[in-house]
Student: 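Can you read through this structure? Questions will come right after.
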Amino acid sequence: MNRTEIYNRITDKLIAKMEAGVVPWRRSWKIGSPVNFVSGRRYNGINFLSLIAEDHPCPYYLTFLQAKERGAFINKGATGSLIVFWKMYERDIEEENKGPARVPFLRYSYAFNLSQTSLYSSIKPESTGITSAEELISQMHNLPPIKNNYQRCVYNITEDCISLPVITDFETETEYYSSLFHEAIHSTGHSSRLNRISAYASKDEYSEEELIAEIGSAYLCSMCGISNEVIDNQAAYLHGWMKQLKHDPAVLVRAALHARSAVELLLSSSPTE
């Protein structure tokens, strides 16, 4: 299976959800973000999207080999979720004149939820939420100023600031934090950060940027275990995203990679220059 086939399969799975009126990354995150059961590492990027498209009772995943190494087995009839990872391939000395000494090599595997294995009955899964929303915000060193208004949530690229109503004007606190995270992801596109967006973006660029913000904010919400289910004009967004994805499946891959970079920048140990 080549890279295009892998990404198409993941994209098709998400499109099927969207055609049913479900936005996979808009959900309650009470059970937390998908995590590898063995390493404890959170899945991100395209793997994050692949796994959240599934409905399982716990956040932990592992491969067939990881289960086997622990004397466990995959339940009969269980279907794994496609995941990908890159590994750097070291060229032989004889190959060095053909290009860089180290080249990326794409590999794929299948991850099974812990509930699909014989380990599930002996382990009590816990939420993978690691911090409160306020604690997470305090760790964001690359966040622009936050201002308050009385109407809507927006990232103002001209003034480089996030503007949204005060928390008490929202129906719930989680809606406030979900909205703030969404605009925070947008802010990483500023020229002083990741230089991803401009004030004069085209319609398609704006739609893709919204997809990046959606995926990135979902990841941040999952870290706190809070819901990000609220979305304005959901039907219109769904229609636009599905149209884009069917025309260019790579849109989802690009958006996931940009969202990953955005989250990493927000949570980096020091502010940008």
Side-chain angles (χ1 to χ4, degrees), residues 14 23-36 40-53 59-61 126-147 152-155 157 160-165 167 170-190 193-194 196-197 208-232 234 237 241 252-272:
L14 291 166
V23 185
W25 50 85
R26 283 271 169 179
R27 58 189 293 178
S28 167
W29 294 102
K30 289 183 179 179
I31 64 170
S33 177
V35 172
N36 183 273
R41 294 177 182 172
R42 293 175 183 271
Y43 291 96
N44 52 38
I46 194 66
N47 291 335
F48 173 73
L49 289 179
S50 179
L51 296 179
I52 64 174
Y60 296 104
Y61 288 83
E126 298 178 356
S127 169
T128 60
I130 61 171
T131 186
S132 72
E134 283 295 339
E135 288 172 333
L136 190 62
I137 292 169
S138 70
Q139 297 172 23
M140 295 182 181
H141 300 282
N142 291 297
L143 202 62
I146 298 174
K147 300 181 180 180
R152 65 194 184 102
C153 305
V154 63
Y155 166 63
I157 190 172
D160 188 26
C161 71
I162 293 171
S163 181
L164 70 171
I167 191 169
F170 288 83
E171 291 189 11
T172 64
E173 288 187 357
T174 56
E175 184 180 348
Y176 168 81
Y177 289 118
S178 175
S179 301
L180 176 55
F181 289 157
H182 183 100
E183 304 308 331
I185 295 296
H186 277 316
S187 75
T188 64
H190 191 270
R193 299 182 186 92
L194 296 177
R196 191 180 61 242
I197 57 177
E208 186 169 334
E209 175 60 26
E210 279 301 305
L211 190 57
I212 294 167
E214 281 289 297
I215 297 170
S217 62
Y219 190 83
L220 292 172
C221 284
S222 73
M223 293 182 71
C224 306
I226 65 173
S227 169
N228 66 327
E229 295 173 337
V230 179
I231 181 172
D232 294 328
Q234 176 169 293
Y237 275 122
W241 287 331
L252 189 65
V253 179
R254 289 199 303 269
L257 290 173
H258 282 306
R260 175 181 177 177
S261 296
V263 170
E264 289 177 346
L265 177 69
L266 287 172
L267 299 178
S268 63
S269 58
S270 60
T272 55

Student: Run the numbers on Y177 and N228 for side chain to side chain contact (heavy atoms under 4.5 Å, CB included), then give the verdict.
Tutor: CA-CA 9 Å; Y177 289 118; N228 66 327; over 6 Å; no
Student: Would you say L180 and I167 make side-chain contact, with heavy atoms under 4.5 Å?
Tutor: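 Of all side-chain heavy-atom pairs linking I167 with L180, none is under 4.5 Å.
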Student: Report yes or no: do Y60 and N36 form a side-chain donor-acceptor pair below 3.5 Å?
Tutor: no
Student: With a 4.5 Å heavy-atom cut-off, do R193 and D160 have their side chains touching?
Tutor: yes
Student: Looking at L252, V253, N44, which hits side chain to side chain contact (heavy atoms under 4.5 Å, CB included) with L49?
Tutor: L252
Student: Any heavy-atom pair between the side chains of L211 and W25 that's under 4.5 Å?
Tutor: yes
Student: Looking at side-chain heavy atoms only, is the closest gap between E209 and I212 below 4.5 Å?
Tutor: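 They are in side-chain contact.
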Student: Quick one: are Y61 and N47 in side-chain contact, heavy atoms under 4.5 Å?
Tutor: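 Side-chain contact under 4.5 Å: no.
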Student: Is Y219 close to I185 at the side-chain level, that is, under 4.5 Å between some pair of heavy atoms?
Tutor: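 Contact flag for I185/Y219 side chains = no.
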Student: Can you tell me how far the CZ atom of R196 sits from the OG atom of S187, to the nearest 0.5 Å?
Tutor: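 So the gap between those two atoms works out to 8.5 Å.
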Student: Quick one: are P165 and C153 in side-chain contact, heavy atoms under 4.5 Å?
Tutor: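 Contact flag for P165/C153 side chains = yes.
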Student: Measuring from L14:CG to I46:CD1, what's the distance to the nearest 0.5 Å?
Tutor: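 It comes to 7.0 Å.
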Student: Less than 4.5 Å apart, side chain to side chain, heavy atoms only: is that true for L164 and E183?
Tutor: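 Side-chain contact under 4.5 Å: no.
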Student: Report the relative orientation of the aromatic rings in F48 and W29; use parallel for angles under 30°, tilted for 30 to 60°, perpendicular for over 60°.
Tutor: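 Answer is parallel, since the angle falls under 30°.
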Student: Does a donor on one side chain sit under 3.5 Å from an acceptor on the other, for N142 and T188?
Tutor: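 No donor-acceptor contact under 3.5 Å links the two side chains.
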Student: So how far is it from M140 CE to I146 CD1, rounded to the nearest 0.5 Å?
Tutor: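 These two atoms lie 9.0 Å from each other.
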